[in-house]
Amino acid sequence: MRSIVINQPDDWHLHLRDGKQLAMTVPASARVFARAIVMPNLANPIITVSEAECYRARILEQVPAGRHFDPLMTLYLQDAMSTDEITKADAHPCIYGCKLYPAGATTHSTRGVNNIEFIYPLLEKMANYEMPLLIHGEVTDPDIDIFDREAVFIDRYLLPICERFPQLPIVFEHITTKTAVDFVSQAPSNVAATITAHHLLYNRNTLLAGGIRPHYYCLPILKTEEDRQALLAAATSGVPKFFLGTDSAPHTTIQKESACGCAGIFSAPCALESYATVFDAHHSLDKLENFASRFGAEFYRLPLNTQKVEIKQQEWQVPAVVAAGEDKFIPMCAGETLTWQAKPILTG
Ligand code: DOR
Ligand code: ZN
């Protein structure tokens, strides 16, 4: 039986939601991940340090006994946010970055940024503190084709931000295109990117295979096979700019299976296993540890985890449905048999 042991990985992009859903989402990620960058796009977004502190406490209440899981908190940038909040965030030990959602780009982003130039004073402060800026990189202009929104964002906004703030650590989140891979590869070392398991596994045909499949709908939307191949090459390249961020984003079956379904793929129940599957198919399992357990920590200037996780070639079935109270969630790979299974190696 083939098996690898790696340092415990971290998830550098995660949606845990709030309230009773935390009892399901937190254990699903704490199962294998040691830390996660927690997205602030709640229905009432996390816009202050004190809101982030309270949210973190609610998350920690749901960590299963005997497991360690460190939620790394982020703030949601807004046009009118004060630079004092950035100063407070920098001084706070639990805040690791600020997230830029262009207003209207995705789930719970209506209170995001309307004009990126309005937040330049915030970005200047962050650059001074070397605090990471996490970016949902899609334009919201309805005239731009949905498949081009990431590439247009690079030209219109990301390039000017990178040029104006050369000290600012930037994570271009959940990149989906060859254009984004090329941009990040050529950018200076302060610019990195997360890559999801679903964008490595699927292309846009999956979304419409034999009918419309709402559980594969996410933003940025799945792209072409050529894009997927470029992402796979980047993830397995050993280049430290590319690291794991699942963007696991649960919505209830009612919210997903709707005439206007929500964007988001709930991958946490099988995320690490899915990365292992796709890295193995690419004959690059030896590249998984750095991608999952090293490069992100180094970018965020955090120590590597010391606990280990074993990933074994062993069949197991992903649950068809996961419940949280009365709510039901369909995870990625629901009901499928995966051939890699991850388990933490528990030490004292
Ligand atoms: O598919 C997505 N779901 N993309 C995002 O950017 C947000 C996320 C969510 O919060 O549901
Ligand atoms: Zn996300």
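Read the numbers this way: they start at 1 and go in the same order the structure lists the ligands and their atoms. Residue indices begin at 1 and follow the sequence shown.
Of the options Met39, Glu173, Arg17, the smallest heavy-atom separation from atom 11 (O) of ligand 1 is shown by Arg17. Among Ile221, Leu42, Thr107, the residue whose heavy atom sits closest to atom 9 (C) of ligand 1 is Thr107. In this structure, of Asn41, Leu14, Asp247, the residue bringing a heavy atom nearest to atom 10 (O) of ligand 1 is Asn41.
Contact annotation: Ile265 has no heavy atom less than 4.0 Å from any atom of ligand 1. Using a 4.0 angstrom heavy-atom cutoff, His251 counts as in contact with ligand 1.
Not a single N or O atom of Pro220, backbone or side chain, sits closer than 3.5 Å to an N or O atom of ligand 1. Checking only distances, Cys218 never comes within under 3.5 Å of ligand 1, N or O to N or O.
Checking His13 against the Zn ion (ligand 2), an N/O/S atom falls under the 2.8 Å cut-off. Here His174 fails the criterion, with no N, O or S atom under 2.8 Å of the Zn ion (ligand 2). Contact annotation: Asp247 places an N, O or S atom under 2.8 Å from the Zn ion (ligand 2).
For ligand 1, the atoms lying closer than 4.0 Å to a non-hydrogen atom of Ala249 are 3 (N), 8 (C), 9 (C), 11 (O).
Only the side chain of His136 comes within 4.0 Å of ligand 1, judged by heavy-atom distances.
If you check which protein heavy atom lies closest to atom 4 (N) of ligand 1, you get Leu219 O, 2.7 Å. Closest protein heavy atom to atom 5 (C) of ligand 1: Thr106 OG1, 2.9 Å. In terms of protein heavy atoms, atom 3 (N) of ligand 1 is closest to Ala263 O, 3.0 Å.
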Going through the distances and angles, do His15 and Asn41 end up as a side chain to side chain contact (heavy atoms under 4.5 Å, CB included)? CA-CA 8 Å; His15 299 268; Asn41 66 328; 2.9 Å; yes

Quick one, Val322 with Lys328, criterion side chain to side chain contact (heavy atoms under 4.5 Å, CB included). Give me CA distance, side-chain angles, the key distance, then yes/no. CA-CA 6 Å; Val322 179; Lys328 291 196 170 58; over 6 Å; no

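The number of heavy atoms from other shown groups lying within 6.0 Å of NZ (Lys241) is above 12.
Between Arg35 and Asp70 there is no salt bridge, since none of the side-chain N atoms of the basic residue sits less than 4.0 Å from a carboxylate O of the acidic one. With respect to the salt-bridge test (charged N to carboxylate O, under 4.0 angstrom), the residues Asp141 and Arg156 qualify. Under 4.0 Å is where a charged nitrogen must lie from a carboxylate oxygen, and between Glu61 and Arg58 no such pair does. Taking a cutoff of 4.0 Å between a charged side-chain nitrogen and a carboxylate oxygen, Arg56 and Glu53 do not qualify as a salt bridge.
Residues Tyr216 and Tyr202 bring their aromatic ring centres within 6.0 Å. Here Phe299 and Trp12 keep their ring centres 6.0 angstrom or further from each other.
His15 has its closest N, O or S atom to the Zn ion (ligand 2) at the position named NE2.
For Thr177 and Glu150, the side-chain atoms include at least one donor-acceptor pair closer than 3.5 Å.
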